[in-house]
Amino acid sequence: MSELILKGVIYMTSLLEKSINFGLGLFALSREKIEKVVEELVDRGEVAREDAQKMVKDLVKKGEEQKEELRKMIKDAVAETLGYMNVAKKEDIVTREEIKSIVREEVRKVLEEMQNTEK
């Protein structure tokens, strides 16, 4: 059941991120599209040719920064939501090998105690 919830949260997070990317626009643009828009600005004389590459670089960098900031916000929101839902994290779950190791250790202790009481 919790795996199904986790898959749903992951799907919702992905959908939310895609929606926000689409809505905000700037950082959803590829470098090629940004270059095309800046080239059009140069052609219309609104941007000097020598400033064009810097403008492209700045816009791409700003877009990546915004995307990373959004990714962090979504990650924090999902973590907070999972905390409210009291869903176990991967690191909270004991693996089969860990259980076997714990059982072996406990059996070893019991056997040692039994041997010590027989003496």
Side-chain angles (χ1 to χ4, degrees):
M1 178 71 169
S2 64
E3 185 177 328
L4 183 60
I5 292 171
L6 185 58
K7 285 182 180 179
V9 169
I10 291 170
Y11 173 76
M12 287 173 32
T13 301
S14 174
L15 186 61
L16 177 64
E17 184 175 3
K18 287 176 185 175
S19 298
I20 292 172
N21 279 346
F22 180 75
L24 292 178
L26 175 62
F27 59 81
L29 292 176
S30 67
R31 181 178 189 87
E32 292 81 23
K33 288 180 182 177
I34 291 173
E35 288 174 343
K36 183 178 177 185
V37 169
V38 171
E39 187 61 34
E40 288 174 10
L41 292 173
V42 169
D43 291 345
R44 291 194 315 234
E46 296 178 31
V47 173
R49 181 145 318 270
E50 57 271 3
D51 297 331
Q53 283 303 327
K54 182 180 182 324
M55 181 180 240
V56 168
K57 184 179 175 183
D58 290 346
L59 287 172
V60 170
K61 182 179 177 186
K62 185 173 183 176
E64 288 302 318
E65 289 170 356
Q66 288 176 343
K67 186 183 281 187
E68 192 54 42
E69 185 177 323
L70 177 63
R71 187 172 282 125
K72 183 183 179 320
M73 288 171 50
I74 291 171
K75 182 179 177 183
D76 291 346
V78 169
E80 185 177 345
T81 301
L82 289 175
Y84 288 137
M85 294 172 59
N86 202 21
V87 175
K89 297 179 206 162
K90 187 175 182 177
E91 62 265 14
D92 296 334
I93 299 172
V94 179
T95 66
R96 183 176 296 187
E97 290 305 314
E98 291 171 324
I99 293 171
K100 286 179 182 179
S101 177
I102 292 167
V103 169
R104 283 187 195 114
E105 182 61 26
E106 292 301 314
V107 168
R108 187 189 63 74
K109 287 179 184 177
V110 169
L111 290 174
E112 282 180 3
E113 287 178 13
M114 289 175 59
Q115 287 178 349
N116 289 338
T117 57
E118 290 177 358
K119 292 182 181 180

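With sequence neighbours left out, the side-chain hydrogen bond (donor to acceptor under 3.5 Å, both in side chains) criterion links Glu113 to no other residue. Evaluation of the side-chain contact (heavy atoms from CB on, under 4.5 Å) rule for Val110 yields Met114 as partners, not counting sequence neighbours. With sequence neighbours excluded, the residues forming a salt bridge (charged side-chain N to carboxylate O under 4.0 Å, His left out) with Asp43 are Arg49, listed by chain and number. Under the side-chain contact (heavy atoms from CB on, under 4.5 Å) criterion, Lys100 pairs with Arg96, Glu97, Arg104, not counting sequence neighbours. A search for salt bridge (charged side-chain N to carboxylate O under 4.0 Å, His left out) contacts involving Glu80 returns nothing, not counting sequence neighbours. With sequence neighbours left out, the salt bridge (charged side-chain N to carboxylate O under 4.0 Å, His left out) criterion links Glu40 to no other residue. By the side-chain hydrogen bond (donor to acceptor under 3.5 Å, both in side chains) test, Lys109 is found to be paired with no residue, residues two or more places apart in sequence or in another chain being considered. For Glu91, the side-chain contact (heavy atoms from CB on, under 4.5 Å) criterion is met by Lys89, not counting sequence neighbours. Partners of Glu50 under the side-chain hydrogen bond (donor to acceptor under 3.5 Å, both in side chains) rule, at least two apart in sequence or in another chain, do not exist in this structure. With sequence neighbours excluded, the residues forming a side-chain contact (heavy atoms from CB on, under 4.5 Å) with Ile93 are Ala88, listed by chain and number.
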*Worked check of salt bridge (charged side-chain N to carboxylate O under 4.0 Å, His left out) between Arg108 and Glu105*: CA-CA 5 Å; Arg108 187 189 63 74; Glu105 182 61 26; 2.4 Å; yes

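The structure places CG of Asp76 at 10.5 Å from OG1 of Thr81, a figure rounded to the nearest 0.5 Å.
If you chain together hydrophobic residues whose side chains sit under 4.5 Å apart, Ile102 and Leu111 never meet in one group. In terms of hydrophobic clustering, with Ile, Leu, Val, Met, Phe, Trp and Tyr side chains grouped at heavy-atom distances under 4.5 Å, Met85 and Val78 are assigned to a common cluster.
One finds no salt bridge joining Lys62 and Glu65 here, because no Lys/Arg side-chain nitrogen approaches an Asp/Glu carboxylate oxygen to under 4.0 Å. The residues Glu69 and Lys72 are annotated as not salt-bridged, no charged nitrogen and carboxylate oxygen being separated by less than 4.0 angstrom.
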Which atom pairs, one a donor and one an acceptor, fall under 3.5 Å between side chains of residues 54-61 and the rest of the protein, sequence neighbours left out?
from	atom 1	to	atom 2	distance (Å)
Lys54	NZ	Asp58	OD2	2.8

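Of all the heavy atoms in Ala48 and Val42, the pair that sits closest is O-CG2, 4.2 Å.
The number of heavy-atom neighbours closer than 6.0 Å to CD of Glu39, taken from other residues, nucleotides and ligands shown, is above 12.
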